[in-house]
Amino acid sequence: MKPIYIAIFTLLFFSCKQTPLKQVITEQESKITETDNTPGFAIYKQLQGTWENIEAPISSLTFADNKVINKHDGVAVKKNILFSIQNSCGATAAGETPEERDKYIVTSGDTAECYYIVQLDDENLILGFWGEETALRFKKATNY
């Protein structure tokens, strides 16, 4: 009778193969990345990289993950600036702004500002401050 119990226990033990936790987490993160095709996420991904100011070529913005680095003549001006894509400027200094889905870049950290996305494509980025007519025009850097 004991060999039957040993055989059943062995069968149950090997049939209950569990996936390691690290593998499960990696698979879940992969699925989230693959399925996140919201407009805000698409804009976030399109912003990634370095953008050179057309009117002041020694000035640039680099979007890296959720951080933005403002550089002047190759030197970072502020190092702790986070950004997110929002539907309005919210509680920033820009005050009340009309809601437009995923049209605002809101920064926080060392500098809390709000930029309106006038145009964004693979080569051009035009940003405006709400209520001001002057726009900031950028070209995507090819060597970032």
Side-chain angles (χ1 to χ4, degrees), residues 5-144:
Y5 290 123
I6 292 173
I8 292 173
F9 177 77
T10 305
L11 180 64
L12 288 173
F13 180 76
F14 286 109
S15 67
C16 294
K17 178 186 170 205
Q18 294 185 358
T19 307
L21 181 59
K22 185 176 180 181
Q23 182 181 348
V24 170
I25 291 171
T26 304
E27 289 172 1
Q28 287 175 344
E29 287 173 350
S30 172
K31 287 177 185 174
I32 290 170
T33 302
E34 291 170 5
T35 59
D36 195 347
N37 56 3
T38 61
F41 185 73
I43 291 168
Y44 169 85
K45 292 301 270 184
Q46 197 169 20
L47 281 171
Q48 299 299 302
T50 299
W51 297 86
E52 296 173 343
N53 191 319
I54 293 172
E55 293 157 3
I58 60 173
S59 179
S60 68
L61 294 175
T62 300
F63 293 89
D65 294 324
N66 67 335
K67 295 181 181 180
V68 62
I69 301 164
N70 186 357
K71 292 183 182 177
H72 184 75
D73 204 15
V75 178
V77 177
K78 299 272 187 183
K79 293 185 180 179
N80 185 25
I81 302 174
L82 304 174
F83 81 96
S84 61
I85 307 301
Q86 308 255 342
N87 297 335
S88 71
C89 285
T92 63
E96 294 291 319
T97 53
E99 285 215 9
E100 287 189 68
R101 185 161 178 77
D102 304 320
K103 288 296 266 183
Y104 297 91
I105 298 172
V106 177
T107 63
S108 61
D110 290 343
T111 303
E113 296 178 326
C114 183
Y115 300 92
Y116 179 77
I117 302 171
V118 177
Q119 179 185 348
L120 174 61
D121 58 43
D122 291 339
E123 297 178 9
N124 300 291
L125 171 62
I126 301 175
L127 298 175
F129 286 106
W130 189 252
E132 292 187 25
E133 293 183 26
T134 306
L136 302 171
R137 299 174 187 280
F138 297 89
K139 281 275 189 210
K140 186 78 170 233
T142 55
N143 56 349
Y144 62 92

Separation between [atom1] of [X] and [atom2] of [Y], rounded to the nearest 0.5 Å:
{"X": "Asn70", "Y": "Ser59", "atom1": "CG", "atom2": "OG", "result": "5.5 Å"}
{"X": "Asn53", "Y": "Lys71", "atom1": "CG", "atom2": "NZ", "result": "14.5 Å"}
{"X": "Ile43", "Y": "Asp102", "atom1": "CD1", "atom2": "CG", "result": "5.0 Å"}
{"X": "Asn80", "Y": "Asp110", "atom1": "CG", "atom2": "CG", "result": "4.5 Å"}
{"X": "Ile54", "Y": "Ile126", "atom1": "CD1", "atom2": "CD1", "result": "7.0 Å"}
{"X": "Lys67", "Y": "Thr107", "atom1": "NZ", "atom2": "OG1", "result": "14.5 Å"}

Taking every non-hydrogen atom, the tightest pair across [X] and [Y]:
{"X": "Cys114", "Y": "Tyr104", "answer": "SG-CD2, 3.6 Å"}
{"X": "Lys140", "Y": "Gly49", "answer": "CE-CA, 4.2 Å"}
{"X": "Lys103", "Y": "Val118", "answer": "NZ-O, 4.2 Å"}
{"X": "Ile85", "Y": "Gly40", "answer": "CG1-O, 3.9 Å"}

Using a 4.5 Å cut-off on heavy atoms from C-beta on, say whether the side chain of [Y] contacts that of [X].
{"X": "Leu47", "Y": "Ile105", "result": "yes"}
{"X": "Leu127", "Y": "Ile117", "result": "yes"}
{"X": "Trp51", "Y": "Leu120", "result": "yes"}
{"X": "Pro57", "Y": "Glu52", "result": "no"}
{"X": "Ser88", "Y": "Val106", "result": "no"}

**Request:** Decide side chain to side chain contact (heavy atoms under 4.5 Å, CB included) for Leu125 and Phe63; before the verdict, give the C-alpha distance in whole Å, the side-chain angles of both, and the deciding distance to 0.1 Å.
**Result:** CA-CA 12 Å; Leu125 171 62; Phe63 293 89; 4.2 Å; yes

**Prompt:** Has the side chain of Tyr44 got a donor or acceptor atom that lies under 3.5 Å from a matching backbone atom of Asp65?
**Reply:**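 Yes: the side chain of Tyr44 pairs with the backbone of Asp65.
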
**Asked** How about Thr111 and Glu113: does a side-chain donor come under 3.5 Å of a side-chain acceptor?
**Response** no

**Asked** How would you list all residue pairs meeting side-chain hydrogen bond (donor to acceptor under 3.5 Å, both in side chains) that involve residues 117-127, not counting sequence neighbours?
**Response**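 Found Gln46-Asp122, Gln119-Asp121, Asp121-Asn124, Asn124-Lys139.
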
**Item:** Test of ring centre spacing under 6.0 Å for Phe129 and Tyr115
**Value:** yes

